[in-house]
Amino acid sequence: NAGVTQTPKFQVLKTGQSMTLQCAQDMNHEYMSWYRQDPGMGLRLIHYSVGAGITDQGEVPNGYNVSRSTTEDFPLRLLSAAPSQTSVYFCASRLTVWKDNEQFFGPGTRLTVL
Amino acid sequence: GQQVMQIPQYQHVQEGEDFTTYCNSSTTLSNIQWYKQRPGGHPVFLIQLVKSGEVKKQKRLTFQFGEAKKNSSLHITATQTTDVGTYFCGPPNNAGNMLTFGGGTRLMVKP
């Protein structure tokens with residue numbers, strides 16, 4: 001199993017540009033989520049999904065959209081990038097939110113918005 | 001979502017000293033998990049505690065879950081430079097679907 005994969009690893013955007021961060025998992029996990037981590041800070045939940053076709057907002061959803069058309073993929077879209085969105089983005093998956101399972105994190109995408 | 005608070009936020013220790021980080025919740029937790037994130041890396045699962053008063057050990061790491069299941073701690077004995085990183089607790093299951101983490105404790109070890 002590849003686990004949780006994220007692309008790209010690094011990205012530089014200009015203010016106002018849009019882009020999609022890709023996340024995929026091959027463990028047949030129901031639950032997937034996106035976190036952002038600012039320098040020296042903790043993990044803040046952006047959006048999450050408890051299964052294909054279902055998404056919901058986390059703690060800091062503004063400026064981001066998600067979709068979950070398949071169990072495997074959970075892309076994160078930045079609609080109009082702003083410097084405040086400069087951060088490291090982690091995708092994570094978990095077998096299910098209904099039981100005590102560990103979360104698996106992807107390697108992260110380092111995004112800089114100029 | 002349900003919040004867990006971690007203290008301290010940062011800790012500098014001399015190699016060989018002990019280190020403890022605490023995770024506190026205002027409500028009873030069904031379980032607690034601990035993760036470690038090395039500098040430049042991603043969080044990696046360490047352990048899960050479920051039972052009241054549970055204590056688990058992993059080599060020099062000792063994890064405890066409070067009797068009231070409202071707090072947890074991670075203690076590292078005789079720190080080494082390989083222990084450097086940020087330790088996160090969470091997420092509390094009774095937050096529903098929003099799996100949030102504590103703010104983390106960043107451990108720095110001076111050789």
Side-chain angles (χ1 to χ4, degrees), chain A residues 2-7 9-10 21 23 25 27 29-51 54-61 66 68 74 87-110, chain B residues 1-12 21 23-24 29-51 54 56 58 63 65 69 72 84-108:
Chain A
V4 181
T5 58
Q6 291 183 238
T7 56
K9 291 186 178 179
F10 301 93
L21 308 185
C23 174
Q25 52 89 12
M27 298 174 282
H29 285 178
E30 293 180 352
Y31 186 91
M32 296 186 74
S33 54
W34 278 100
Y35 297 87
R36 62 175 287 175
Q37 185 176 37
D38 300 322
M41 303 290 286
L43 300 161
R44 291 188 290 170
L45 182 65
I46 305 173
H47 284 285
Y48 62 93
S49 168
V50 299
I54 306 169
T55 64
D56 211 338
Q57 296 181 349
E59 301 171 290
V60 288
V66 291
R68 185 93 181 271
F74 191 44
S87 190
V88 180
Y89 291 84
F90 290 103
C91 179
S93 75
R94 174 170 165 150
L95 180 60
T96 174
V97 73
W98 311 115
K99 294 183 180 180
D100 301 333
N101 311 126
E102 67 181 275
Q103 288 213 123
F104 294 84
F105 286 81
T109 295
R110 282 158 176 76
Chain B
Q2 182 70 49
Q3 292 289 327
V4 289
M5 305 300 293
Q6 271 188 265
I7 53 172
Q9 193 173 3
Y10 304 95
Q11 184 84 59
H12 287 85
T21 174
C23 182
N24 300 308
L29 303 171
S30 58
N31 70 82
I32 196 78
Q33 298 176 352
W34 285 92
Y35 292 76
K36 176 183 179 181
Q37 182 181 24
R38 295 181 185 273
H42 59 275
V44 175
F45 175 81
L46 292 176
I47 209 160
Q48 176 171 270
L49 305 172
V50 179
K51 299 177 182 178
E54 188 170 15
K56 288 187 177 180
Q58 289 180 351
F63 303 85
F65 204 9
K69 300 182 73 172
S72 180
V84 165
T86 302
Y87 295 85
F88 292 98
C89 67
N93 271 52
N94 51 344
N97 298 334
M98 283 186 61
L99 303 184
T100 57
F101 287 83
T105 295
R106 184 179 174 189
L107 172 64
M108 289 154 280

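Order of the sequence lines sets the chain letters (A, B, ...), proteins ahead of strands, with each chain counted from 1.
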- Query: So Phe90(A) and Gln37(B), side-chain contact (heavy atoms from CB on, under 4.5 Å) or not? Walk me through it.
  - Reply: CA-CA 12 Å; Phe90(A) 290 103; Gln37(B) 182 181 24; 3.5 Å; yes
- Query: With a 3.5 Å cut-off and no angle check, do the side chains of Gln103(A) and Gln33(B) form a donor-acceptor pair?
  - Reply: no
- For residues Leu99(B) and Tyr35(A), report the shortest heavy-atom separation together with the two atoms involved. O-OH, 2.6 Å
- Nearest heavy-atom neighbours spanning Phe88(B) and Gly42(A):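 Heavy atoms only, the tightest pair is CE2-CA, 3.7 Å.
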- Of the backbone (N, CA, C, O) and the side chain (C-beta and beyond), which part of Val44(B) lies under 4.5 Å from a heavy atom of chain A, both, or neither? neither
- Query: Given a strict heavy-atom distance threshold of 4.5 Å, which part of Leu43(A) is in contact with chain B: side chain, backbone, both, or neither?
  - Reply: both
- Message: Please check if the number of heavy atoms outside Met27(A) that lie under 6.0 Å from its CE is greater than 12.
- Response: yes
- Message: Is it true that, when you exclude Arg68(A) itself, more than 12 heavy atoms of the residues, nucleotides or ligands shown sit nearer than 6.0 Å to its CZ?
- Response: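 Yes, enclosed.
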- Tell me, do Tyr35(B) and Glu102(A) make a side-chain contact under 4.5 Å, heavy atoms counted?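 Yes, their side chains come closer than 4.5 Å.
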- Item | When Gln57(A), Arg110(A), Met41(A) are compared by non-hydrogen pairs under 4.5 Å with chain B, the top option | Arg110(A)
